[in-house]
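Let me begin by presenting the structure, written as structure tokens, before commenting on it.
All values below were derived from every heavy atom in this structure, side-chain atoms included, with hydrogens, water molecules and symmetry-related copies excluded. Counting convention: from 1, in listed order, for ligands and their atoms alike.
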Amino acid sequence: MKNPYRSAQFLQSAPTLAQCPEDTGAEVAFAGRSNAGKSSAINTLTGNKKMAKTSKTPGRTQLINLFALDCEQRRLVDLPGYGYAKVSKSLKQKWDQHLSEYLQGRVSLRGLVLLMDCRHPLQPFDTMMLDWSINRGMPVHILLTKSDKLAKGPAKSTLLKVQKQFQDQPQISAQLFSALKKEGIEELITQLNLWLYEQE
Ligand code: GDP
């Protein structure tokens, strides 16, 4: 299976859509509430602990962080985590605005990987991201993270419940994922490859 994710390189941080690199080529964005397991998933996917650390450097947590794959025309994008500590309402609104602008305006965006702790899926932030994506017809792949925290039966029934909720929306898919147990990586790579390498 094609796996260009292991050679991902930090490209650039950008506070707003306007400061992102030129909007050409193809990119896939990762988003999730803070603590959803986004850094762990990106580290597992890329096999590089420094990648997501870059995005957790104080000051960079509110930035859009971009990583180049085999070339700068194919990118992974780490969107700002959400729900950290006490941020003011006005700052939160600003983040919402940047996320919304990026999700709704970025032409090269092929799909969104939305990470949710499998024990608490579909929180208000997740629904907001899904609404924006659905409005734009943007495909979303939901990663139900930390699946090792649930027994097989409950994990499977969480997955089925989420899949059922979006059964009328074929552009929304979901899977279980565990960075700890390294489960679900191939399924994730298959989806990323489809968006980044197998579509015009
Ligand atoms: P982020 O804030 O979304 O980037 O989340 P992190 O990747 O930093 O993970 C948040 C917490 O969840 C950390 O304590 C991780 O060790 C833990 N975590 C992340 N992925 C997994 C997983 O697959 N299994 C378990 N058991 N814990 C995980």
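Residues Asp23 and Arg106 are paired through a salt bridge, judged by an N-O separation under 4.0 Å between the basic side chain and the carboxylate.
By the 6.0 Å contact criterion, CD on Gln73 is enclosed, its count of non-hydrogen atoms from other residues, nucleotides or ligands being greater than 12.
Ligand 1 lies less than 4.0 angstrom from a heavy atom belonging to Asn35.
Note that CD of Glu187 is 9.0 Å distant from CG of Leu143, once rounded to the nearest 0.5 Å. Going from atom OH of Tyr102 over to atom CG of Leu109 covers 4.5 Å, rounded to the nearest 0.5 Å. Note that CD of Gln175 is 9.0 Å distant from OG of Ser147, once rounded to the nearest 0.5 Å. To the nearest 0.5 Å, atoms OH (Tyr5) and CG (Asn193) are separated by 4.0 Å.
Within the 4.0 Å heavy-atom criterion, neither part of Lys181 lies near ligand 1. Using a 4.0 Å cut-off between heavy atoms, Leu180 contacts ligand 1 through both its backbone and its side chain.
Looking at heavy atoms from C-beta onward, Leu79 lies in side-chain contact with Leu112 at the 4.5 angstrom threshold.
Heavy-atom proximity to Ser40, at under 4.0 Å, picks out these atoms of ligand 1: 6 (P), 7 (O), 9 (O), 19 (C), 20 (N). The contact set between ligand 1 and Lys149, taken as ligand atoms under 4.0 Å from a residue heavy atom, comprises 26 (N). The distance from ligand 1 to the heavy atoms of Gly37 drops below 4.0 Å at these ligand atoms: 1 (P), 3 (O), 5 (O), 6 (P), 7 (O), 9 (O). Ligand 1 places these atoms under 4.0 Å from at least one heavy atom of Ser178: 23 (O).
Remark: ligand 1 and Ser34 share no N or O pair separated by less than 3.5 Å (distance only, no angle test). Remark: ligand 1 and Ala179 share an N or O pair separated by less than 3.5 Å (distance only, no angle test).
The closest heavy-atom contact to atom 24 (N) of ligand 1, among the options Leu143, Leu176, Asp148, comes from Asp148.
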